[in-house]
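Okay, so here's the structure we're looking at.
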Amino acid sequence: MDRPYDPKATEAKWQERWERDGLYRTPDRSDRPKFYFLTMYPYPSGDLHIGHWYAMAPSDAAARYRRMRGYNVLFPIGFDAFGLPAENAAIKHGIHPKTWTLQNIDRMRRQLRSMGAMFDWSREIVTCEPEYYKWNQWFFLKFYEAGLAYRALAPVDWCPNCNTTLAREQVVGADRRCERCDTAVIKKDLEQWFFRITKYADELLDFSGIDWPERIVTMQRNWIGRSEGAQVTFIAHAPDGSSHRLEVFTTRPDTLWGATFMVLAPEHPLVPVLTAPERRAEVEAYAYQARRQSEIDRLSTEREKTGVFLGSYATNPANGERIPIWVADYVLMGYGTGAIMGVPAHDQRDFEFARRYGLPTPVVIQPPGGTLPEPLPAAYDGPGRMVNSGPLDGTPVPEGIPQVIRWLEETGRGRRAVNYRLRDWLISRQRYWGTPIPIVYCERCGTVPVPYEELPVLLPEDVDFMPTGESPLKYHEGFRRTRCPRCQGPAERETDTMDTFVDSSWYQYRYITPHHQEGPFGSEEVHYWCPVDQYTGGAEHAVMHLLYTRFFTKALADLGLLRFREPMLRLFNQGVILGEDGERMSKSRGNVADPDEQVAKYGADVVRAYLMFMRPWDEGGPWSSRDIEGVARFLRRVWDLVTAPPPPPQEVPEDEALELRRRTHRTVRKVTEDFERFGFNTAIAALMEFANHLVRVRQTLAGSAAWEEAVRALVLMLAPVTPHLAEELWERLGGPYSVHTQPWPTYDPELARAPDVTLVVQVDGRVRDRLTVPADLPEAEARALALASPRVRQHLDGRVVRDVVYVPGKVLNIVLEPTPAEAKG
RNA sequence: GCGGGCGUGGCGGAACGGUAGACGCGCGGGACUUAGGAUCCCGUGGGUUCGUCCCGUGGGGGUUCGAAUCCCUCCGCCCGCACCA
């Protein structure tokens, strides 16, 4: 026997053989049903860390399982190669981003191969290659033609550390930090390119066709933030005597009669118009202050509300009352219309504002069966009936909303409206290492798209990419200066590059035909493989990548390029793997588990199996250098089981052989079910239990048919988890190459069902005895057996049996009449 | 504040409303060894009158023949959003 198992030599041997044989090359068509299994591609940061393994190794096992289940499985890999870290590393170390990126990719390719995954490397994509990013530009032009890409001057989020604008999704927290570097962002007014994702807001709220984790669905829903209500027109009277329509959005039109003031955001265009001359200085000072405030940490959302009276008034369209107009920074220009009606009695924010500035707070909703106290201690937003609301007095609250809306529409004072929190996707970046935006600005012709035949607009390499706060390409004369495609006159190129999330919005389609020249992908092939059947990756992309790629797919469908509207049918988020101390892994904490080291110590199979066994995959958790030993021990035991010299031939005890067969089929059933739901930890636990049993019966059963069946099943079920070990053992068992193209073992449900079960006998719900009985024992017999049990009789004690609950194969519960004492108590 | 998730031995965790603690780690005992941090066997929630019964799944209450599981409530932790009108 070969002992001990030598993972290093074995893993290298098989990886080479698989590579040579093209074992993982995916055929473009097949009689088998297709299954597109996709795991999020990595950013080539330099080293493959354990988090990559945690995302990819179980995905690989699941993909291998699918393949053994008879599917034509596509499991591709590539690199998300554009992005800031390359540029930052380049600035720091004086190495070109491209060199840095490609070196890292080389290194990571080697590391990824050490995992022994079934990636089809022939389909690899690298997004910083012109062959890839050309199609980002192509999509941009298509979007531009369709009105889905537009340029606008807008107050945008700017990260002073990354020196670029960010999409709204890339600004996190109440203190508005950069998602990448945690720096507090500031506002700037810039002309930027946007993708019109808001056009799809409603469709993006529809998750009916896809099976995604509740968590992600909820986050996307909240992010899109749909609210229904009304847009109401107030007439504002400027100090110069002119009148202006002042639009507000409200989700509570039923409280319109309670609006006693209006508030504009400091950036609202009507602020200067509506400011009285004598208040101008104060208003301007406030607006300036508010502007600065958004540049400083606006940490506290609980801070007191502040504002300034403009000195002008508007008319409440409901009751004709004259109400003052204020400016306050608790109203945001970026949501709704940037103006609100203040209903202090029924909105907590308005209430606080009114209290501070002594504005009246008339009640227009009274709670059921009561009146609100005077003075009001807080805003009331519960149920009730409308009061002081003219014709609608007495209307109960939920019904009041549509009635007021109808009234507004009939009188031309407003209309039903829907508002979203979602903003259009800002894709311009003032950085070098990204896809150039294919637009030319011509003095005569204006904004001119680069013609398709001139794509790709190549990213020049000889660029000084030191961050200046402006696009590095702006200082590259050869790039910037160009000719107008329309009039051939002198023109300038757009020098911003695209958000790298554009790259990842459609990469799943590029894998299908990675070198396609005539378009972004071959339509026939994409419609064979797509949509993705199973996607796996981290939850941190919930409202970025995962939202953008849904938008992209819908947009491409509307452009006639795709015949489906969701990119990924099923999504699974693995958890986060932590250091041994339970903290996030980081070099500075020194709690990093390095996969290369672990592979050198245990071999890839042990690392894979440990990561899958450790905890439920969606929960993640701390790495344990102790627990991995247990997995190593398990695999050694399996090795010995198969390779140890067989015991001398002997008579096979039939009952033990049958019991082994039953266990085999039961284990196949359990492991199959667990693989289906990604319950890898329990699948491996079942395999351990099975292997332990095999160790116990080896002396008596080795060599028997039941034994052969068991060992083969064990090796086949291990194949997705520990591909190298399984291949080696399979060969030693005399199985045909390769174990990975063998069918997954099947089970006989009859055999898998245990013939004898432990029937739990309870008295009043407490376990009193356990009987081994046939699974299908009739109730009468079960009852007789239970009542015959001395342990049970002891508890009956002559008392009256009121009821017997029998669940065959599980439990028999004898319910007694309560004793007088119990009955009283 | 709103939304989502979670709370089980010394530890990681199992458990269609039906034997709580599978599997693994650790620990205790033993075997084999020159030796072992290798391997194998036995034990391992707490209490106990120990071939017994009692108590145990964050606390309290409820539904049920039966609750870790369902409902209510409180406490604690994690994640997301956050002045969104």
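Chain identifiers are assigned alphabetically (A, B, ...) following the order of the sequence lines, protein sequences preceding nucleic acid strands; residue numbering begins at 1 within each chain. Predicted model, so just to flag it, every value in this text is computed and none were measured.
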Original post:
What nucleotide among B/rA20, B/rC81, B/rA85 has an atom nearest to a side-chain atom of A/Val767?
Top reply: B/rA20
Original post:
Is there a Watson-Crick or G-U wobble partner for B/rU39 with both distances under 3.5 Å, and which nucleotide is it?
Top reply: B/rA31
**OP:** Report the base-pairing partner of B/rC81 (Watson-Crick or G-U wobble, both distances below 3.5 angstrom), or none.
**Re:**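 Its partner is B/rG1 (Watson-Crick or G-U wobble, both distances under 3.5 Å).
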Establish, with yes or no, whether the OP1 or OP2 oxygen of [N] is under 4.0 angstrom from a side-chain nitrogen or oxygen of [X].
| X | N | result |
| --- | --- | --- |
| A/Asn681 | B/rA14 | yes |
| A/Gln220 | B/rC81 | no |
| A/His795 | B/rC53 | yes |
| A/Arg766 | B/rC53 | no |
| A/Asn222 | B/rA82 | no |
| A/Arg626 | B/rC11 | no |
| A/Thr682 | B/rA15 | no |

Applying a 4.0 Å non-hydrogen cut-off, can you work out what [X] is touching in the nucleic acid: base, sugar-phosphate, or nothing?
| X | value |
| --- | --- |
| A/Arg421 | base |
| A/Asn692 | sugar-phosphate |
| A/Val248 | nothing |

Subject >> Along RNA chain B (nearest heavy atom to each residue), the more 5'-positioned of A/Met688 and A/Gly620 >> reply: A/Gly620
